[in-house]
Amino acid sequence: MNLVRFHHHPYRTVNQNLVNELFNNFLKNDYDENYLKGCNCKPATNIFETEKDFKLELYLPGFKKENVQLNFHENILTVKAEAAEKEENKEEFKYEHREFGVYNFERKFKVPKTVDAEKINAHFENGILELVLPKKEEAVEKPPVDIKIG
């Protein structure tokens, strides 16, 4: 029987190899720029409901309100945004590392029939699109009424 002696703890060796691989690959350009062209990227969205309305907030950093299109048809709310064309640089830059960007998208929301489409209101500020979808008058819950016995 032969004894094999470890100079390093086996778990530490595995972790050290992972860390070494991470730092060795950090400076490599393994980012595929074509990956995001077909990306089905959608913005982060918050949806709220109160007694009187619904409220949507879409996080759209890097977009201008001129680049956002809103449409409401047959109880479907469509939010579409196209990134503004960037000026062509004389030099072509290739990303070494990329974690964010502005991408075209289209997002659809099915809206209840209780929403009054004529009164939908949109506001865009600091990269956040806020939509208020008021409920129809008959859809708003009314407080209970006491009935007196005569």
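All values reported here derive from a predicted model rather than from experimental measurement.
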Point to revise | Check: V111 and I120 side chains under 4.5 Å, non-hydrogen atoms | key: no
Point to revise | Heavy-atom side-chain contact between T45 and R107 under 4.5 Å | key: yes
Practice item. Identify which one of I76, L133, L131, V79 satisfies the side-chain contact (heavy atoms from CB on, under 4.5 Å) criterion when paired with F109. Key: V79
Point to revise | Contacts of T78 that satisfy side chain to side chain donor-acceptor pair (under 3.5 Å) - sequence neighbours left out | key: none
Check your understanding: Which residues satisfy the side chain to side chain donor-acceptor pair (under 3.5 Å) test with E49, sequence neighbours excluded?
Key -> K135
Check your understanding: Can you name the side chain to side chain donor-acceptor pair (under 3.5 Å) partners of H123, sequence neighbours left out?
Key -> E125
**Study point:** hydrophobic_cluster_shared for F72 and V68, side chain cutoff 4.5 Å
**Key:** yes
Check your understanding: How long is the gap from CD on E82 to CD on E66, to the nearest 0.5 Å?
Key -> 13.5 Å
Practice item. Look at the side chain of N67 and the backbone N and O of A83, then say whether any donor-acceptor pair between them is shorter than 3.5 Å. Key: no
**Study point:** side chain to side chain contact (heavy atoms under 4.5 Å, CB included) partners of K65, counting only residues at least two apart
**Key:** F124
Sequence neighbours excluded and cut-off under 3.5 Å, please list the side-chain donor-acceptor pairs for residues 53-63, or say none.
{"residue": "D53", "atom": "OD1", "partner": "T50", "partner atom": "OG1", "Å": "2.7"}
{"residue": "E57", "atom": "OE1", "partner": "N46", "partner atom": "ND2", "Å": "3.2"}

Review point. Tell me, which pairs form a salt bridge (Lys or Arg N to Asp or Glu O under 4.0 Å) where one or both residues lie in residues 67-76, sequence neighbours left out?
Key: none
